[in-house]
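The figures that follow rest on heavy atoms only: side chains count, while hydrogens, waters and symmetry mates do not. Everything numeric here is computed off the predicted structure, so don't read it as measured data. Note that ligands are numbered from 1 as they come in the structure, with each ligand's atoms numbered from 1 the same way. Numbers for residues simply follow the sequence, beginning at 1.
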Amino acid sequence: MEINFVQEINRLKKEKNAIILAHYYQRPEVQDVADYLGDSLALSRVAAKTDADIIVFCGVHFMAETAKILSPNKKVLLPVKEAGCPMAEMVTDTLLQKYKDEHPDVKVICYVNSTAKVKALSDVCVTSSNAEKVVSQYIGQKLLYIPDKNLGIYLREKFNLDMEVWKGFCCIHNDVTKDQVIKEKELHPLAQFIVHPECQLEIVKMADFVGSTKGLLDYVTKSDCQEFIVGTEKGIIHQMEIKCPNKKFYLLTQNLSCFDMKLTNLEDVYTALKNEENVIEVEESIRLKALKSLNKMFEYTDN
Ligand code: 13P
Ligand code: SF4
């Protein structure tokens with residue numbers, strides 16, 4: 001007999017006091033079974049506060065790991081254990097420690113797309129939603145931004161920071177080209193171009209609006225404009241179309257699809273929850289240090 005995954009997921013959620021968190025870049029059908037849908041910042045807040053016993057994190061490894069850091073007593077499951085973020089692997093704790101030994105006076109600002117071990121060596125975390133607010137607290141200090149060069153360069157230019165940037169990047173956003181933007185603008189002259197800051201600065205400068213995943217969703221919801229060229233991962237368009245059924249959204253290029261985010265399907269969510277498998281663990285001494293960097297971020301953004 002064929003399993004109705006949506007029904008079974010809902011039944012298991014109640015039986016096990018579990019919640020499902022899904023990032024906006026997940027497949028539409030996975031987004032639709034989530035209790036909470038959000039960007040990395042919103043989901044980390046939910047993970048920190050939930051009363052659930054189990055968190056099923058439909059996203060990539062660093063997001064589930066962040067949930068575990070914030071909620072150590074919960075069981076955190078990542079439905080597909082191979083779902084990672086290539087950018088998060090572009091800085092290692094060994095390389096970061098070496099940099100810190102050579103530059104002891106530099107404060108390390110760490111994008112949340114990073115491993116727990118790297119967060120543990122950093123002074124503060126940021127997400128794309130709060131990076132501007134957090135870095136503005138560090139103006140005038142010597143800084144290193146890891147691992148995303150594009151967001152780092154964007155912040156450095158905006159706040160005139162004394163900041164080195166690591167050479168990491170998101171292989172999806174970093175590949176967007178000027179020609180793609182020009183071509184799409186020609187095809188849709190009435191549309192506004194909106195973009196995630198993980199794209200290169202020359203692309204960000206062509207945009208009518210730059211923002212995090214959630215920032216882009218809020219922008220299109222409030223804007224009077226009726227058409228948008230979307231310069232971020234295609235999963236967000238599902239929510240844009242739900243929130244704004246009368247507006248038109250054009251994905252800048254079909255390449256804006258994150259392989260790792262799309263690995264998770266409904267069957268994976270069902271199987272992980274049923275068997276309580278792919279449990280995320282973070283060693284306690286690392287967790288406590290990484291938590292300090294995350295709490296510093298919340299201190300600057302929540303007050
Ligand atoms: P958000 O912080 O906007 O959710 O972005 C996470 C991410 O991985 C973007 O590529
Ligand atoms: Fe990582 Fe880019 Fe995928 Fe975001 S879209 S999870 S930064 S690879």
Side-chain angles (χ1 to χ4, degrees), residues 21-27 30-31 34 36-47 57-67 70 78-80 82-91 109-115 118-119 125-135 145-152 154-155 165-176 194-200 203-204 207 209-220 230-240 251-264 294 297-298 301:
L21 310 189
H23 191 271
Y24 290 125
Y25 295 172
Q26 290 287 292
R27 292 168 187 253
V30 173
Q31 295 188 26
Y36 296 93
L37 191 62
D39 65 356
S40 51
L41 179 64
L43 294 177
S44 67
R45 286 189 205 282
V46 176
F57 208 119
C58 303
V60 290
H61 189 273
F62 80 82
M63 296 180 177
E65 198 176 53
T66 302
L70 294 166
L78 180 68
V80 175
E82 296 79 15
C85 167
M87 184 212 284
E89 305 300 326
M90 291 180 188
V91 54
I109 315 241
C110 176
Y111 196 26
V112 74
N113 296 40
S114 53
T115 63
V118 164
K119 288 184 179 77
C125 288
V126 300
T127 76
S128 53
S129 282
N130 62 23
E132 296 193 15
K133 206 165 175 186
V134 175
V135 297
Y145 188 86
I146 54 168
D148 183 21
K149 68 179 167 72
N150 292 328
L151 186 50
Y154 168 76
L155 293 165
V165 297
W166 206 260
K167 290 206 164 54
F169 56 89
C170 163
C171 27
I172 288 88
H173 290 91
N174 189 62
D175 273 4
V176 168
I194 58 171
V195 80
H196 195 284
E198 285 175 12
C199 291
Q200 297 185 49
I203 306 298
V204 168
F209 182 76
V210 50
S212 66
T213 315
K214 174 74 164 62
L216 299 180
L217 183 60
D218 289 347
Y219 180 78
V220 302
V230 179
T232 192
E233 212 278 346
K234 71 181 195 187
I236 190 68
I237 290 186
H238 182 53
Q239 288 310 309
M240 289 177 171
L251 186 64
L252 175 64
T253 144
Q254 291 307 316
N255 299 340
L256 280 164
S257 177
C258 175
F259 174 81
D260 287 82
M261 283 284 188
K262 298 294 184 270
L263 284 175
T264 307
L294 286 164
M297 167 181 88
F298 289 126
T301 49

- If we number the atoms of ligand 2 from 1 as shown, the ones under 4.0 Å from a heavy atom of N113 are 7 (S)
- Note on the structure: Between N255 and I172 the two heavy atoms that sit nearest each other are O-CG2, 3.9 Å
- Mind listing the closest non-hydrogen atom pair of V126 and A131 along with its distance? CB-CA, 3.8 Å
- Atom-level proximity to ligand 1, residues with heavy atom under 4.0 Å: H23, Y25, D39, S40, N113, S128, H173, H196, E198, S212, T213
- Message: Closer than 2.8 Å to atom 3 (Fe) of ligand 2, what protein N/O/S atoms do you find?
- Response: C258 SG
- Closest approach of L37 to L43 (non-hydrogen atoms, all atoms of both residues): C-CD2, 4.0 Å
- Message: List the residues meeting side-chain contact (heavy atoms from CB on, under 4.5 Å) with S212, not counting sequence neighbours, and say none if there are none.
- Response: D39, S128, S129, K214
- One should read off an interatomic distance between Y25 OH and M63 CE, to the nearest 0.5 angstrom, of 8.0 Å
- In short, Y111 meets M87 closest at the heavy-atom pair CD2-SD, 3.8 Å
- Task: Grab the two heavy atoms, one from F209 and one from G215, that are nearest each other, plus how far apart they are.
- Result: CE2-O, 3.6 Å
- Item | Closest approach of W166 to M90 (non-hydrogen atoms, all atoms of both residues) | NE1-O, 3.0 Å
- L252: what forms a side-chain contact (heavy atoms from CB on, under 4.5 Å) with it, not counting sequence neighbours? V176, Q180, V181, E184, F193, I229, L256
- Item | 4.5 Å side-chain heavy-atom contact, S44 and F298 | yes
